[in-house]
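Here is the structure we will look at, set down as structure tokens.
The sequence lines fix the lettering, A, B, ..., with proteins before strands; numbering per chain opens at 1.
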There are 2 protein chains.
Amino acid sequence: MDNRENLLDIALSLFSQRGYEGVGVQEIVETAGVTKPTLYHYYDSKRGLLDTLLKREEGRLLSSVLQASVYKRDIVYTLENIVRAYFDASKSHPDFYRMQIAMLFAPPESDSHLAILPFVSQQYEIIEEVFIQAVQDHGNLRGRHKRYASGFLGTINAMIGLSLEGELDLTKELVYLTVHQFLHGIFS
Amino acid sequence: MDNRENLLDIALSLFSQRGYEGVGVQEIVETAGVTKPTLYHYYDSKRGLLDTLLKREEGRLLSSVLQASVYKRDIVYTLENIVRAYFDASKSHPDFYRMQIAMLFAPPESDSHLAILPFVSQQYEIIEEVFIQAVQDHGNLRGRHKRYASGFLGTINAMIGLSLEGELDLTKELVYLTVHQFLHGIFS
DNA sequence: ATAAGAATATACCGATCAGTATATAAAGTC
DNA sequence: GACTTTATATACTGATCGGTATATTCTTAT
């Protein structure tokens, strides 16, 4: 009966279904079986609740991506690790992953976007660094790290998007196929 | 002084900055210099206003994508046309394109998502059909049209995303690079 | 000129928004 | 047992939400 933690769980579930802006504080506390002052005792605002929630959930994903992104002079191996990290994250916490994407593409000035941006930016920078490191072994990648990091994440999210709609399974083969297609194109 | 049309323009500008759900009817009419009954004289609800707006804006994009997607047994040519169509759309109406993406990734039950879904689905199906057609000339593409359509659009939107953040220019070269990378990978 | 319809405004509706003032209960500390 | 801190509830605030009842003006057709 930990109200503090329970409120986070309830909020995650509601936010991922209908969005941060689309869920009222009243609904959160009612679903959790408490009243408003209880929520405002633990968190100083609705936004504060969201920030705490994101810190908890993003921490897991971020450390997973960070671990997968260590470049040991094998670009195929590293990229496969990254794809696997993202696929695993979206499989074990699909609601949260959906919410992360929705918040990223929310209007630039919205609380949603502003709250998620630092976390997603970190992810992006970690991936970008891989392509920067890879230049030492693949000179022709030089100067294109922005495009590659963005395109790679775009491809990953396209696959995850399909799987969230039930159109696709995030299998081991798909990890290989995704990386292979990114590196060698759809013709090879 | 066409209030009917002017309300659409104002709504587009406000919605693309702060989202459909984030903008009140009051603000729309105040910015347009009219009052609520005027808006409700022309449109039967806030959602009706959005639907009319989307029909007007998406019509342009959709016909442009449709025209670019005629497959004449040259996959490179067709894909370049498609990328060009999207780049042009986002360059000439960046606000609207940003709004389209935000609405697509909005929570599944939200008005935003439900309103944009049919239009984006049409775009997706058009692209998917290209990859289905291309099988007649490139047999190894068979059965992968969902993944390819989604991945291709994901790549396009990744590039547009970078350009909307000012990180990239949607040049003619980038049209070529995007298609070439999709077909042959980043190694070639 | 007059009637009819379209276009607009003033002023309001109930519901919901995030947040709080105040009081009370429970738990831990001395 | 007395006191303090933590945790909770009742009941409220002003602002904003989408939408409307009613009245008036403007335009057009007869």
Nearest-angstrom distance from the residue atom [atom1] of [X] to [atom2] of [N]:
X         : N       : atom1 : atom2 : value
Tyr43(B)  : dT8(C)  : OH    : P     : 11 Å
Arg4(A)   : dT8(D)  : CZ    : P     : 10 Å
His41(A)  : dA7(D)  : NE2   : P     : 4 Å
Ile28(B)  : dC17(D) : CD1   : P     : 10 Å
Leu39(B)  : dA6(C)  : CG    : P     : 18 Å
Asp111(B) : dG19(D) : CG    : P     : 9 Å
Asn6(B)   : dA7(C)  : CG    : P     : 15 Å
Glu21(B)  : dC17(C) : CD    : P     : 14 Å

Margin query: Which residues pass the salt bridge (charged side-chain N to carboxylate O under 4.0 Å, His left out) test with Arg60(A), not counting sequence neighbours?
Written below: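 In terms of salt bridge (charged side-chain N to carboxylate O under 4.0 Å, His left out), with neighbours along the sequence ignored, Arg60(A) is linked to Glu57(A).
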
Note to self: Taking salt bridge (charged side-chain N to carboxylate O under 4.0 Å, His left out) as the definition, give me every residue that meets it alongside Asp169(B), ordered by chain and number, with sequence neighbours left out.
What the structure shows: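 Asp169(B) satisfies salt bridge (charged side-chain N to carboxylate O under 4.0 Å, His left out) with no residue once adjacent residues are dropped.
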
Item checked: Distance test, side-chain N/O of Asn3(A) to OP1/OP2 of dA7(D), below 4.0 Å ->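 False: Asn3(A) side-chain N/O out of range (4.0 Å or more) of dA7(D) OP1/OP2.
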
Check: Under 4.0 Å between a side-chain N/O of Tyr40(B) and OP1 or OP2 of dA7(C), yes or no?
Finding: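 Answer no for this pair, as no side-chain N or O of Tyr40(B) is under 4.0 Å from OP1 or OP2.
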
Checklist line | Within residues 44-52 of chain B: residues closer than 4.0 Å to DNA chain D (heavy atoms) | finding: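 Residues of residues 44-52 of chain B under 4.0 Å from DNA chain D: Ser45(B), Lys46(B).
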
Notebook entry, point to check: In chain order, what residues pass the ring pair (Phe, Tyr, Trp, His ring centres under 6.0 Å) check against Tyr86(B), with sequence neighbours excluded?
Noted result: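 Not a single residue meets the ring pair (Phe, Tyr, Trp, His ring centres under 6.0 Å) criterion with Tyr86(B).
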
Next item on the list: Applying side chain to side chain contact (heavy atoms under 4.5 Å, CB included), name anything that partners Ser63(A), two or more places apart in sequence or on another chain.
Entry: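 Not a single residue meets the side chain to side chain contact (heavy atoms under 4.5 Å, CB included) criterion with Ser63(A).
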
Next item on the list: Check side chain to side chain contact (heavy atoms under 4.5 Å, CB included) between Phe105(B) and all other residues, then give those that pass, not counting sequence neighbours.
Entry: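 Partners of Phe105(B) under the side chain to side chain contact (heavy atoms under 4.5 Å, CB included) test: Ile101(A), Phe105(A), Ile101(B).
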
Per-pair distances, 0.1 Å, donor-acceptor, side chain in residues 148-156 of chain A, under 3.5 Å, sequence neighbours excluded:
from	atom 1	to	atom 2	distance (Å)
Tyr148(A)	OH	Arg144(A)	NH1	3.0
Thr155(A)	OG1	Gly151(A)	O	2.8

Notebook entry, point to check: Is Asp51(B) paired with Lys55(B) through a side-chain N to carboxylate O contact shorter than 4.0 Å?
Noted result: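 Judged by the 4.0 Å cut-off on N to carboxylate O distance, Lys55(B) and Asp51(B) do not form a salt bridge.
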
Notebook entry, point to check: With the threshold set at 4.0 Å, does a side-chain nitrogen-carboxylate oxygen contact exist between Arg18(A) and Glu27(A)?
Noted result: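 Yes.
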
Notebook entry, point to check: Among pairs that include at least one residue of residues 62-90 of chain A, which meet salt bridge (Lys or Arg N to Asp or Glu O under 4.0 Å), considering only residues two or more places apart or in two chains?
Noted result: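 Qualifying pairs, neighbours excluded: Arg73(A)-Asp137(A).
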
Notebook entry, point to check: Heavy-atom contacts under 4.0 Å between residues 29-38 of chain B and DNA chain C, which residues?
Noted result: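 Output list: Val34(B), Thr35(B), Pro37(B), Thr38(B).
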
